[in-house]
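Here the structure is laid out as structure tokens; the discussion comes afterwards.
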Amino acid sequence: MNDETTGAEDSTRDFIRDIVREDLGAGRHTSVVTRFPPEPNGYLHIGHAKSICLNFGVAQEFGGRCHLRFDDTNPTREEQEFVEAIKEDVSWLGFDWGEHLYYASDYFEQLYQWAEGLIEAGKAYVDDLPVDEMRAYRGTLTEAGRNSPYRDREAAENLALFRAMRAGEFPDGARVLRAKIDMAAGNMNMRDPVLYRILHSPHPRTGTDWCIYPNYDFAHGQSDAIEAITHSLCTLEFADHRPLYEWLLESIDAPARPKQYEFSRLNLSHAALSKRRLTQLVEEGRVSGWDDPRLPTISGLRRRGVPAAAIRDFISRLAITKSDGLVEMAMLEHCIRELLNVEAPRRMAVLRPLKVVIENYPDGEGEMLVAQNHPGNPDMGSREVPFSRELYIERDDFMEDPPKKFFRLGPGREVRLRYAYFITCQEIIKDASGEVVELRCTYDPETRGGNAPDGRKVKGTIHWVSAAHAVGAEVRLYENLFNSEEPPGGDEFLADLNPASLETLPQAWLEPDLATLAPGQTVQFERLGYFCRDLGEATVFNRTLGLRDSWAKIKGKG
RNA sequence: UGGGGCGUAGCCAAGUGGUAAGGCAUCGGGUUUUGAUCCCGUGAUCGCAGGUUCGAUCCCUGCCGCCCCAACCA
């Protein structure tokens, strides 16, 4: 992988980097420490890439470090498989946490001790209210909540109860530990938030050691403090939690006082970027898995053939702000094409084959023609491509009754076969149903390589593959998974699924050189787009992205 | 009707009391053995209304709109 571009230039400026720069300059910190804190309950997607690039990027740029910390406080929905996938994805994106791999579960004992301290200080209490009751007591957005009848228990009783909770003396949901703050607070998060709940569920890392687990608010900030995180960067929806984050750090007399800053999350058009939706798509089998190439997951993009550098570049063009918007998929596509245009070697492949017989080319003979691996970059060298009497060309490159603006093959028309010869269509052969099944053409031996000695020009150049030498493959074409820029909410987003998001072409013909292409390697099929050999199925090629197609626009206009 | 956040071209955005960077998209044009690439060119009464000022997108006031919060999720 080419890691020349990290996507995080030193010139990058945004309000967070300004704060870091200012903090460092004022001597509030000697170095920056950030963290990327995923919950291992799903795969990472491109939205996470924004956070990863920000956190690791800031650390890199300011000579600090970034921790990878799993926020594994809910054993009922987290799995080891996700931990492994997340580590792989972060690494693949090009970031290194070094020795700094942590788990919130590593801090469970410390967290528990802090909770006892809170109880002793009269800042937390055990509440016996059932969930629905607690909800009713919480009030609404416009009405203050009421104090729980258990709110004024003595510290000693709370302590005994909390210890009994830990000892497993109560069933799930029987009691919780709550912070004692203010049931009338405008900020709902301050209305005596739950800190611990009973969950008789084995944890992937701590096994059955615990049956009470801290929730996000009592784990995140504390973990940040334990790791001496200086800048805790999260998305906007946590802004309301900041007062609680600070209240808790203050109340437990934390070993460090990290500061939380919020930025807007990434929204991408024509895609689903919420964990809930992605999980649903995967679990309901709407896609083939977390790494389905149509998904905006990191593993899906990788399988699709998108280079990590393109993702980093895309993220670097996004600004870190607090305004939430919807970034057009076209932006991502541009970054992918821009990178692949430079790096992808060129090859020829015919996706929807139409047979062509060169009548004046000697039967049973053949020759090797030289093709550039990248017309714009001679350093990438050239290769030889076999040519013979029978070829395949793209069906779209022939029209029986072509409009004036169509530059490709038609009855009596002459075109150039890329890196080969000029050919002229002499005859069309159709089957019983009238479908064109074969073209009989003649070639001009004088045009070998693609230029005519007499200086005559042709309007079009088309790609081809020698039938006898071609390698067969299945090619999968992908389109946006959703029709709408912004799929509707609820389960209605399923109705917006694009039925044409995957088109499988069972019998495509590739130039022989492609037989040796490594899995995951992306090349350009000339005039068609960027494709890569699938990471799993060797005979499958995935289309990363098509080339920009101005002909489609002309054609579309009629 | 409570709390928090945000409103600069179709999209992402920079910017600042002195009259609006850049990228993407779009639409024109040029080059081209990929209708690709590349190269040129193309768009803004800065949410609205008042006010302060010689002058406001930037300051003040009011209004409007959008997003988030009432899980023992994160």
Side-chain angles (χ1 to χ4, degrees), chain A residues 13-14 37-39 41 71 73-74 76-78 127 129-131 134-136 138-145 172-178 184-191 193-199 212-213 215-217 219-220 234-243 262 264 266 269 275-276 314 317-319 321-335 337-338 341-342 346 348 371-372 374-376 405-408 416-420 422 447 449-451 457-463 485 524-529 546-555:
Chain A
R13 290 205 70 146
D14 53 60
E39 180 191 12
N41 69 340
D71 234 329
T73 58
N74 188 343
T76 66
R77 35 185 266 170
E78 294 153 7
D127 196 348
L129 242 32
V131 248
M134 199 189 288
R135 180 162 36 239
R138 187 154 32 227
T140 68
L141 294 180
T142 53
E143 296 165 35
D172 286 6
R175 292 177 222 264
V176 293
L177 180 71
R178 289 229 255 173
N187 181 342
M188 300 296 289
N189 293 298
M190 300 300 269
R191 318 243 267 225
V194 169
L195 267 24
Y196 265 91
R197 71 286 212 190
I198 299 171
L199 249 30
I212 58 171
Y213 293 91
N215 67 176
Y216 171 83
D217 289 304
H220 201 94
C234 62
T235 44
L236 251 31
E237 65 270 29
F238 292 100
D240 286 342
H241 291 249
R242 190 178 349 110
E262 313 86 22
S264 62
L266 168 66
S269 75
K275 197 107 75 168
R276 194 209 117 224
F314 169 65
R317 295 183 193 224
L318 266 25
T321 66
K322 292 169 91 83
S323 61
D324 48 10
L326 183 67
V327 177
E328 293 174 340
M329 185 65 84
M331 181 83 97
L332 208 211
E333 294 179 342
H334 171 265
C335 295
R337 288 196 183 98
E338 187 175 71
N341 175 50
V342 172
R346 263 101 261 222
M348 288 198 287
Q372 299 303 307
H374 192 126
K405 285 181 177 172
F406 187 77
F407 302 151
R408 285 109 94 155
R416 171 168 41 231
L417 291 181
R418 181 101 161 131
Y419 297 125
F422 284 9
T447 58
N451 284 306
K457 305 288 185 192
V458 285
K459 296 283 286 240
T461 298
I462 65 175
H463 57 95
E485 277 210 312
Q524 183 194 95
F525 287 177
E526 292 213 46
R527 301 211 307 132
L528 297 174
L547 257 25
R548 293 190 60 180
D549 186 1
S550 57
W551 164 243
K553 286 173 190 164
I554 296 169
K555 196 173 58 174

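Naming convention: chains lettered A, B, ... in sequence-line order (proteins, then strands); numbering from 1 in each chain.
Using a 4.0 Å heavy-atom distance criterion, A/L266 is classed as making no nucleic acid contact. In this structure, A/T140 reaches the bases: a heavy-atom distance under 4.0 Å links it to at least one base atom across the strands shown. Nucleic acid contact class of A/Y213 (heavy atoms, under 4.0 Å, all strands): none. A/T73 comes within 4.0 angstrom of sugar-phosphate atoms only, judged by non-hydrogen atoms across all strands, and of no base. Among the protein residues, A/Q524 comes within range of the nucleic acid bases, having at least one heavy atom under 4.0 Å from a base atom. Contacts of A/P130 with the nucleic acid, taken as non-hydrogen atoms under 4.0 Å apart, include base atoms. The residue A/K405 sits close to a base: some heavy atom pair falls under 4.0 Å. The residue A/P243 sits apart from the nucleic acid: no heavy atom pair falls under 4.0 Å. Within 4.0 Å of A/Y196, counting heavy atoms only, lies no atom of the nucleic acid at all. Looking at heavy-atom distances under 4.0 Å, A/D127 makes no contact with the nucleic acid at all.
In terms of position on RNA chain B, the residue among A/H374 and A/A239 whose nearest nucleotide sits closer to the 5' end is A/A239. The residue among A/G139 and A/L332 whose nearest nucleotide of RNA chain B lies closer to the 5′ end is A/L332.
Of all nucleotides listed (B/rC69, B/rA36, B/rC12), B/rC12 comes nearest to the side chain of A/V327. Here B/rA71 is the nucleotide among B/rG35, B/rC6, B/rA71 with the atom lying nearest to any side-chain atom of A/R135. The side chain of A/L236 sits closest to B/rG5 out of B/rG5, B/rA74, B/rU34. Distances from the side chain of A/L141 to the nucleotides B/rC73, B/rG35, B/rC69 place B/rC69 closest. Side-chain proximity of A/N341 to B/rG35, B/rA74, B/rU37: nearest is B/rU37. Comparing B/rG5, B/rG35, B/rA25 by their nearest atom to the side chain of A/K322 picks out B/rG5. In the set B/rA36, B/rG2, B/rC27, the nucleotide with an atom closest to the side chain of A/R548 is B/rA36. The nucleotide whose nearest atom lies closest to any side-chain atom of A/E39 is, among B/rA74, B/rC24, B/rG2, B/rA74. Side chain of A/F406, nearest nucleotide from B/rU34, B/rC72, B/rG35: B/rG35. Checking B/rG23, B/rC72, B/rG3 against every side-chain atom of A/M134, the shortest atom distance belongs to B/rC72.
Here the C1' atom of nucleotide B/rC73 and the CD atom of A/E237 are 12 Å apart, to the nearest Å. Atom NE2 of A/H241 is separated from atom C1' of B/rA74 by 9 Å (rounded to the nearest Å).
For the side-chain hydrogen bond (donor to acceptor under 3.5 Å, both in side chains) criterion with A/T461, the lone passing option out of A/R416, A/R527, A/R408, A/E526 is A/R416.
An anti base is found at B/rA20: its glycosidic angle is more than 90° from 0.
Note on A/R346: every side-chain N or O is 4.0 Å or more away from OP1 and OP2 of B/rA36. Note on A/S323: a side-chain N or O is less than 4.0 Å away from OP1 or OP2 of B/rA13. An OP1 or OP2 oxygen of B/rC24 is reached within less than 4.0 angstrom by a side-chain nitrogen or oxygen of A/H334. Considering only side-chain N and O atoms, A/R77 lies nowhere under 4.0 angstrom from the phosphate OP1 or OP2 of B/rC72. Listed pair A/T321 / B/rA13 meets the phosphate criterion, a side-chain N or O lying under 4.0 Å from OP1 or OP2. One finds no side-chain N or O of A/R175 lying less than 4.0 angstrom from the OP1 or OP2 phosphate oxygen of B/rC72. Here A/R13 does not reach the OP1 or OP2 of B/rA21: none of its side-chain N or O atoms lies under 4.0 Å away. For A/R138, a side-chain nitrogen or oxygen approaches OP1 or OP2 of B/rC72 to under 4.0 Å.
Side-chain atoms of A/E328 come within donor-acceptor range of the base of B/rG10, with a qualifying N/O pair under 3.5 Å. Judged by distance alone with a 3.5 Å cut-off, a donor-acceptor contact links the side chain of A/D240 to the base of B/rG3.
Considering all non-hydrogen atoms of both residues, A/C335 and A/R317 come closest at SG-NE, 3.5 Å. Between A/A185 and A/M190, the shortest heavy-atom contact is CB-CB, 3.6 Å. Here the closest non-hydrogen pair linking A/V327 and A/M331 is CG1-CB, 4.0 Å.
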